[in-house]
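Let me begin by presenting the structure, written as structure tokens, before commenting on it.
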Amino acid sequence: MSERVKNILSWYQGENPGVLTNLARVLNHGRLGGTGRMIILPVDQGFEHGPGRSFAPNPPGYDPLYHFKLAIDAGLNAYASVLGFLEAGAAEFAGQVPLILKANSHDVLHPEKDPMGAQTATVADALRLGCVGIGYTIYPGTVDRRFQYEQLRDLIREAKASGLIAVVWSYPRGGGLSKEGETAFDIIGYAAHLAAQLGAHIIKTKLPTEHLELEDARKVYEQYKIPRNTLEERVRHIVQCAFNGKRVVIFSGGAKSDEATVFQEARAIRDGGGFGSIIGRNSFQRNREDALKFLDHLIRIYSNQE
């Protein structure tokens, strides 16, 4: 085991050996294994956005097995998905890539300013499927955030007792935030901190903009001149907000965009002390050959080869 991975595991010494072993499995797997950085393939978009919007750009993506193969052949650290997709391939691909079961999901069939996901899987499901951990999305800023925090805390307690890690998607939303505020510098830092406080081992959030949403936060950020002019500076602060960098923070890829933009963002994540990317649509909405080339380039960036 590399010294870098040993150091990361030392931040989680309050955890049991099962949790530490499963966290090490993610950190040691794939082409980035041992570097302390990671790329995870998440495929929950069919539930979250609808199958057509998610998979029509690359129709093989309708097949659950396609995503297992993509994560394995690209040499990624882990594959995260919802219950149905994982059940479809967990046996066939057992032991070939660490799996993370998304325990809650949200659809877009009813318009709402304050999204509320439903619990769609359990810790028992994750154990049955051989997963290393569970995933869960919270929406800081929503009316029902208290329920989400409480449900997540119960799930994390059960997961840890079973030796599983917890990966938390922390996405600010809700009527109290402006659209710009959902990715504001202060709000994303707050979201990362909340996930860490709730017990997350790995935190997924969005890349922050320069915008400051909360007036009280603005006063402090400006008084202490917290740097935010570049994406690298903003990433560094978000990582700082997660226990001064002692929790693994990875950043979402968002909607499919051009390669140059994604690669530029990856360099900023790397240089700002981020731990990597969790990147779905930018991977599986490309055809397989292009996706493998795209992911290879990302891995080389996080390996300091680009």
Side-chain angles (χ1 to χ4, degrees), residues 1-42 68 70-81 86 90 93-102 126-127 129-136 156 159-160 162-170 192 195-196 199-205 235-236 238-240 242-253 266 269-280 283 295-296 298-305:
M1 184 180 295
S2 71
E3 291 302 315
R4 177 57 175 160
V5 171
K6 289 180 181 178
N7 184 47
I8 292 172
L9 294 178
S10 74
W11 305 336
Y12 299 86
Q13 287 304 300
E15 304 294 355
N16 63 51
V19 168
L20 295 175
T21 297
N22 278 320
L23 182 56
R25 285 174 178 162
V26 177
L27 289 164
N28 286 321
H29 190 81
R31 291 174 56 195
L32 287 171
T35 65
R37 296 196 175 104
M38 64 178 64
I39 298 175
I40 296 174
L41 176 67
F68 283 89
L70 181 60
I72 292 165
D73 293 346
L76 305 187
N77 295 75
Y79 168 48
S81 194
L86 290 193
F93 297 98
Q96 297 186 49
V97 62
L99 302 178
I100 297 161
L101 175 61
K102 191 75 189 304
L127 291 169
L129 294 170
C131 298
V132 297
I134 62 167
Y136 188 99
I156 287 180
K160 290 182 177 182
S162 301
L164 301 180
I165 66 170
V167 183
V168 175
W169 281 237
S170 194
H201 302 103
I202 299 173
I203 299 161
K204 173 189 179 183
T205 194
V235 166
R236 184 171 291 110
I238 303 310
V239 173
Q240 182 184 40
F243 296 178
N244 202 28
K246 291 186 176 180
R247 289 295 179 268
V248 173
V249 180
I250 56 180
F251 294 88
S252 65
I269 293 168
R270 178 196 65 192
D271 297 342
F275 292 79
S277 296
I278 179 164
I279 190 157
S283 300
L295 291 167
D296 173 71
L298 271 184
I299 289 169
R300 285 188 281 118
I301 289 172
Y302 283 124
S303 302
N304 296 313
Q305 298 175 36

Inset, instruction - Look up atom CD1 in I299 and atom CG in L76, then write down how far apart they are to the nearest 0.5 Å. - result: 5.5 Å

Inset, instruction - Without swapping roles, check the side chain of N77 against the backbone of I39 for a donor-acceptor pair under 3.5 Å. - result: yes

Inset, instruction - Search all heavy atoms of G163 against all heavy atoms of N16 and return the closest pair with its distance. - result: CA-OD1, 3.8 Å

Legend entry - side-chain contact (heavy atoms from CB on, under 4.5 Å) assessment of I202 paired with L23: CA-CA 9 Å; I202 299 173; L23 182 56; 4.2 Å; yes

Legend entry - Sidechain-backbone polar pair: H201 side chain, I165 backbone, donor-acceptor under 3.5 Å: no

Inset, instruction - Supply the atom-to-atom distance Q240 CD to I238 CD1, rounded to the nearest 0.5 angstrom. - result: 9.5 Å

Inset, instruction - Please state whether the rings of F68 and F93 are parallel, tilted or perpendicular, taking 30° and 60° as the class boundaries. - result: parallel

Inset, instruction - Check for a donor-acceptor pair, side chain of N7 on one end and backbone N or O of E3 on the other, with a separation under 3.5 Å. - result: no

Legend entry - Any donor-acceptor N/O pair, R236 side chain to D271 backbone, under 3.5 Å: yes

Legend entry - Ionic contact status for R31 with D296, cut-off 4.0 Å: yes

Inset, instruction - Could you please spell out the steps behind the side-chain contact (heavy atoms from CB on, under 4.5 Å) verdict for Y12 and L20? - result: CA-CA 7 Å; Y12 299 86; L20 295 175; 3.8 Å; yes

Inset, instruction - Could you pull out the closest heavy-atom pair between V235 and G274, with the gap in Å? - result: CG1-N, 3.9 Å

Inset, instruction - Identify the two heavy atoms, one from I134 and one from A159, that lie closest to each other, and give their separation to 0.1 Å. - result: CD1-CB, 3.9 Å

Inset, instruction - Check step by step if side-chain contact (heavy atoms from CB on, under 4.5 Å) holds for S81 and L101. - result: CA-CA 6 Å; S81 194; L101 175 61; over 6 Å; no

Legend entry - Spacing of CG belonging to L32 relative to OG1 belonging to T35, to within rounding of 0.5 Å: 4.5 Å

Legend entry - Nearest heavy-atom neighbours spanning G133 and A126: O-CB, 4.3 Å

Legend entry - Spacing of S277 atom OG and R37 atom CZ [to the nearest 0.5 Å]: 10.5 Å

Legend entry - Gap separating the CG atom of L9 from the CD atom of E15, nearest 0.5 angstrom: 11.0 Å

Legend entry - Nearest atoms (heavy-atom pairs only) where L41 meets G280: CD1-CA, 4.2 Å

Inset, instruction - Pick out which of I278, I203, I279, I269 makes a side-chain contact (heavy atoms from CB on, under 4.5 Å) with F251. - result: I269

Inset, instruction - May I ask you to check if R270 and F275 form a cation-pi contact, with NZ or CZ under 6.0 angstrom from the six-membered ring centre and within 45° of the axis? - result: no

Inset, instruction - Look only at the side chain of R4 and the backbone of G36, and say whether a donor-acceptor pair between them is shorter than 3.5 Å. - result: no

Inset, instruction - Begin with the C-alpha distance, continue with both residues' side-chain angles, and end with the deciding distance and a verdict on side-chain contact (heavy atoms from CB on, under 4.5 Å) for M38 and Y302. - result: CA-CA 8 Å; M38 64 178 64; Y302 283 124; over 6 Å; no

Inset, instruction - Compare every heavy atom of L164 with every heavy atom of C131, then report the nearest pair and how far apart it is. - result: O-CD2, 3.3 Å

Inset, instruction - Any chance you could measure Y79, atom OH, to Q96, atom CD, to the nearest 0.5 Å? - result: 13.5 Å

